Amino acid sequence: MGNPKKMLFSKNVDTTEAKGEHKFYFSFSKDFIQGKKILNIGSWTGPYELLIYQYASSITSTDIEEEALKTLKKNLPKVRTIRCFSHKLPF
């Protein structure tokens with residue numbers, strides 16, 4: 001399995017902003033995350049984390065793109081971030 005193409009990160013558009021699809025996912029999951037430890041695989045800049053930040057006891061977010069994780073960490077400092085492939089988690 002070769003290396004996948006690198007995602008193109010842009011500080012102008014890749015922000016920690018919850019959009020429609022993230023709000024939709026949150027509407028279904030909010031009752032299940034209260035006080036739980038959450039693992040989000042493929043988190044990018046953390047738009048879903050922004051919505052669950054106050055509900056979860058802790059959040060670990062993974063992504064392959066380092067710049068996206070830096071943006072997430074800058075906006076949500078209590079979220080643990082791990083750079084890794086989704087099919088090679090370090091757990």
Side-chain angles (χ1 to χ4, degrees):
M1 216 175 215
N3 287 334
K5 285 188 173 183
K6 185 170 174 62
M7 301 281 297
L8 296 176
F9 181 84
S10 172
K11 290 184 180 183
N12 295 329
V13 296
D14 289 324
T15 61
T16 303
E17 176 185 349
K19 297 187 173 127
E21 65 271 17
H22 303 106
K23 293 175 184 177
F24 179 76
Y25 303 143
F26 176 68
S27 71
F28 286 100
S29 63
K30 66 181 175 185
D31 293 335
F32 301 101
I33 60 174
Q34 184 73 38
K36 301 272 178 36
K37 295 179 181 180
I38 304 299
L39 170 63
N40 188 7
I41 300 169
S43 61
W44 197 243
T45 58
Y48 181 71
E49 286 82 341
L50 183 65
L51 296 171
I52 67 169
Y53 199 66
Q54 66 185 14
Y55 295 94
S57 67
S58 69
I59 304 170
T60 299
S61 299
T62 70
D63 202 277
I64 190 59
E65 178 56 55
E66 187 173 354
E67 289 300 316
L69 289 175
K70 285 181 184 177
T71 298
L72 187 161
K73 192 70 168 174
K74 178 181 148 196
N75 292 307
L76 301 169
K78 293 182 182 176
V79 173
R80 178 180 176 211
T81 58
I82 300 173
R83 184 176 181 266
C84 64
F85 286 104
S86 61
H87 59 284
K88 293 185 179 180
L89 298 173
F91 312 112

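Source: prediction; values computed, not measured. Along the sequence shown, residues carry numbers from 1.
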Give, for atom [atom1] of [X] and atom [atom2] of [Y], the distance between the pair rounded to the nearest 0.5 Å.
X	Y	atom1	atom2	value
I59	K78	CD1	NZ	10.5 Å
S57	Q34	OG	CD	9.5 Å
K70	T81	NZ	OG1	10.5 Å
N75	T45	CG	OG1	8.0 Å
E66	K73	CD	NZ	13.5 Å
T71	E65	OG1	CD	9.0 Å

Closest non-hydrogen atom pair between [X] and [Y], with its separation:
X	Y	value
T62	L69	C-CD2, 4.4 Å
C84	L89	SG-CD2, 3.7 Å
I38	A56	CG1-CB, 3.6 Å
G46	L76	O-CD1, 3.9 Å

Using the rule that Ile, Leu, Val, Met, Phe, Trp and Tyr join whenever any side-chain heavy atoms are under 4.5 Å apart, tell me whether [X] and [Y] fall into a single cluster.
X	Y	result
V79	Y55	yes
I33	F28	yes
L50	F26	yes

Side-chain contact, heavy-atom cut-off 4.5 Å: [X] with [Y]?
X	Y	result
I52	K30	no
E49	N40	yes
T60	I82	yes
Y25	L51	no

Discussion item. Do Y48 and S61 pair up side chain to side chain, a donor and an acceptor below 3.5 Å, judged on atom types alone?
Written reply: no
Discussion item. Take a 6.0 Å sphere around CZ of F32 and say whether it holds more than 12 heavy atoms from other residues, nucleotides or ligands.
Written reply: no
